[in-house]
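Please read the structure below before turning to the comments.
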Amino acid sequence: MTTPFLTSGLLSGVAGIRHGFFTRRGGVSRGVYDSLNVGRGSRDRPEDVEDNRGRVAAALGAAALNTAYQIHSDRVVVIVEDVAGAAPEADGLVTATPGLLCGALAADCAPILLVDPRARVVAAVHAGWRGALGGVSDAAVRAMADLGAKPEDILAAIGPCIGPASYEVGAEFRERFVAERSGFARFFVPGAESDKFYFDLPAFVLHRLAASGVAASEWIGRDTAADPEFFSNRRAFKRGENDYGRLASAIMLSR
């Protein structure tokens, strides 16, 4: 069985990198985890998760899939060797080492892949609403800059995540953003009820990337909550399922 993945048109034009936004297809897991669940934090069979992680790595020609122990923070870590067996607590991995596959896990949150083609630095970031508001994408750009990257040379792509038509939130959620900056109100539109709003997570992340000086960025589309080709925390909750799988998004410099 092949392990399919999506790519970004923006990143596909960059020589010397490999990247992919993986769907839930092409793995060995069963039940609610069917089939490419790469989340070690899920209650899936550990051996199936490791098999799936190996399939993701092999699909991009890497020895291992490196991901952080994600904590919904703005913490980003630079890696110089595989950390697949000892994941650091963070929400982003950055490297300038060829052959190291940096990955981010998500099931509605926004996965971001970044590259500076000139400095040859890449990053994979997990941006839930907390991380996005806290500036995890800004932290990734700064960490890349510490390795020689320049924001004006960085390209970024957001993978499949919960879309604006699926992300209904309460008024208190919106207030967290507006309290940070009044202009953030533009990322919310009224919901069906007076105390409900719809939040545009991908647009917000694109805004943060642009504000940090990133040269160009895009959302490749695909609403995880609405599309069964992807794992979704929100969809699993609405269905009363007791757990959900995690999707992989990954990038590396070719050797």
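In this chain, numbering begins with 1 at the start of the sequence shown.
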Checking side chain to side chain contact (heavy atoms under 4.5 Å, CB included) between Ser137 and each of Val214, Ile112, Asp74, which is the one that passes?
Ile112

Do Ile154 and Val141 make a side-chain contact, defined as non-hydrogen atoms from C-beta onward lying under 4.5 Å apart?
yes

Given Leu101, Leu100, Asn66, Val83, the one that forms side chain to side chain contact (heavy atoms under 4.5 Å, CB included) with Thr95:
Leu100

Can you tell me how far CG of Asn242 sits from CZ of Arg43, rounded to the nearest 0.5 angstrom?
5.0 Å

Using side-chain heavy atoms (C-beta onward) and a distance below 4.5 Å, is Val136 in contact with His126?
no

Can you name the closest pair of heavy atoms from Gly26 and Thr3 and give their distance?
O-OG1, 3.4 Å

Residue pair Asp34, Arg25: steps toward the side chain to side chain contact (heavy atoms under 4.5 Å, CB included) verdict
CA-CA 7 Å; Asp34 181 30; Arg25 305 302 175 197; 4.0 Å; yes

Heavy atoms only: give me the nearest Phe231-Leu36 pair and the separation to one decimal.
CE1-O, 3.6 Å

Between Asp51, Asn52, Asn37, which is the residue that forms a side chain to side chain donor-acceptor pair (under 3.5 Å) with Ser29?
Asn52

For Gly99 versus Ala62, what's the shortest heavy-atom pair and its separation?
O-CB, 4.4 Å

Looking only at heavy atoms, what is the nearest atom pair of Val121 and Ala96, with distance?
CG2-CB, 4.2 Å

So, do Gln70 and Leu105 sit near enough that their side-chain heavy atoms are less than 4.5 Å apart?
yes

Does a side chain donor of either Ser166 or Asp223 reach within less than 3.5 Å of an acceptor in the other side chain?
yes

Using the rule given for side chain to side chain contact (heavy atoms under 4.5 Å, CB included), can you reason through Glu180 versus Glu175, listing the C-alpha separation, both sets of side-chain angles and the distance that settles it, and then say yes or no?
CA-CA 8 Å; Glu180 183 76 21; Glu175 285 306 310; over 6 Å; no

I want to know whether Phe199 and Phe177 have ring centres closer than 6.0 Å.
yes

Minimum side-chain heavy-atom gap Tyr33-Ser42 below 4.5 Å
yes

Does Leu10 share a hydrophobic cluster with Leu209, counting links as ILVMFWY side-chain heavy atoms below 4.5 Å and allowing steps through other members?
no

Ignoring hydrogens and angles, tell me if any N or O in the side chain of Arg120 forms a donor-acceptor pair with the backbone of Val115 under 3.5 Å.
no

First locate atom CZ of Arg75, then atom OH of Tyr69, and finally report the distance between them rounded to the nearest 0.5 Å.
13.5 Å

Would you tell me whether Ser8 and Glu218 have side-chain atoms, one donor and one acceptor, within less than 3.5 Å of each other?
yes

Hey, do the aromatic rings of Phe204 and Phe184 have their centres closer than 6.0 Å?
yes

Apply the test side chain to side chain contact (heavy atoms under 4.5 Å, CB included) to residues Phe188 and Val169: give CA-CA distance (whole Å), side-chain angles for both, the deciding distance (0.1 Å), then the verdict.
CA-CA 9 Å; Phe188 296 83; Val169 300; 4.0 Å; yes

Which atom of Ser232 lies closest to which atom of Ala225, heavy atoms considered
OG-CA, 3.4 Å

Note, Ile220 side chain near Ile158 side chain (heavy atom, < 4.5 Å):
no

Tell me if the CD atom of Glu47 is crowded by more than 12 foreign heavy atoms within 6.0 Å.
yes

Are Met252 and Val125 connected into the same hydrophobic cluster when the rule is that any two of I, L, V, M, F, W, Y join if their side-chain heavy atoms are below 4.5 Å apart?
no

When you check the gap from the basic side-chain N to the acidic O, do Glu229 and Arg222 get nearer than 4.0 Å?
no

Sub-4.5 Å side-chain heavy-atom contact between Pro160 and Phe21:
yes

Please check if any side-chain donor atom of Asp91 sits under 3.5 Å from a side-chain acceptor atom of Ser73, or the reverse.
yes

Is the shortest distance from a Lys or Arg side-chain nitrogen in Glu152 or Lys150 to a carboxylate oxygen in the other one below 4.0 Å?
no

Identify whether NZ of Lys or CZ of Arg in Arg174 sits under 6.0 Å from the centre of the six-membered ring of Phe197 and within 45° of that ring's axis.
yes

Cluster check Leu114, Val14: I/L/V/M/F/W/Y, side chain < 4.5 angstrom
no

To the nearest 0.5 angstrom, please state how far the CE atom of Met144 sits from the CG atom of Asp146.
11.0 Å

Show your working on side chain to side chain contact (heavy atoms under 4.5 Å, CB included) between His19 and Thr7 and close with a plain yes or no.
CA-CA 7 Å; His19 80 283; Thr7 58; 3.4 Å; yes

Pairwise distance CG(Asp116) to CG(Leu155) - rounded to 0.5 angstrom
8.0 Å

Heavy atoms, side chains only, cut-off 4.5 Å: are Phe5 and Thr23 in contact?
no

So that I can tick it off, tell me whether Asp138 and Arg208 are bridged by a salt bridge, with the cut-off set at under 4.0 angstrom between side-chain N and carboxylate O.
yes

Distance col, row Tyr198:OH vs Leu201:CG, nearest 0.5 angstrom, shows 15.5 Å

Do Val32 and Val38 sit in one hydrophobic cluster, given that two such residues count as connected whenever their side-chain heavy atoms are within less than 4.5 Å of each other, even indirectly?
no

Between Trp219 (side chain) and Ala203 (backbone), is there a donor-acceptor pair under 3.5 Å?
no

Which atoms form the tightest heavy-atom contact between Pro98 and Ser254, and what is the distance?
CB-O, 3.5 Å

With a 4.5 Å heavy-atom cut-off, do Ile251 and Ile17 have their side chains touching?
yes

If Ile, Leu, Val, Met, Phe, Trp and Tyr residues are connected whenever their side-chain heavy atoms lie under 4.5 Å apart, and connections chain through other members, are Val94 and Val122 in the same group?
no

Rounded distance [0.5 Å steps], CZ in Arg18 versus CZ in Arg255:
10.0 Å

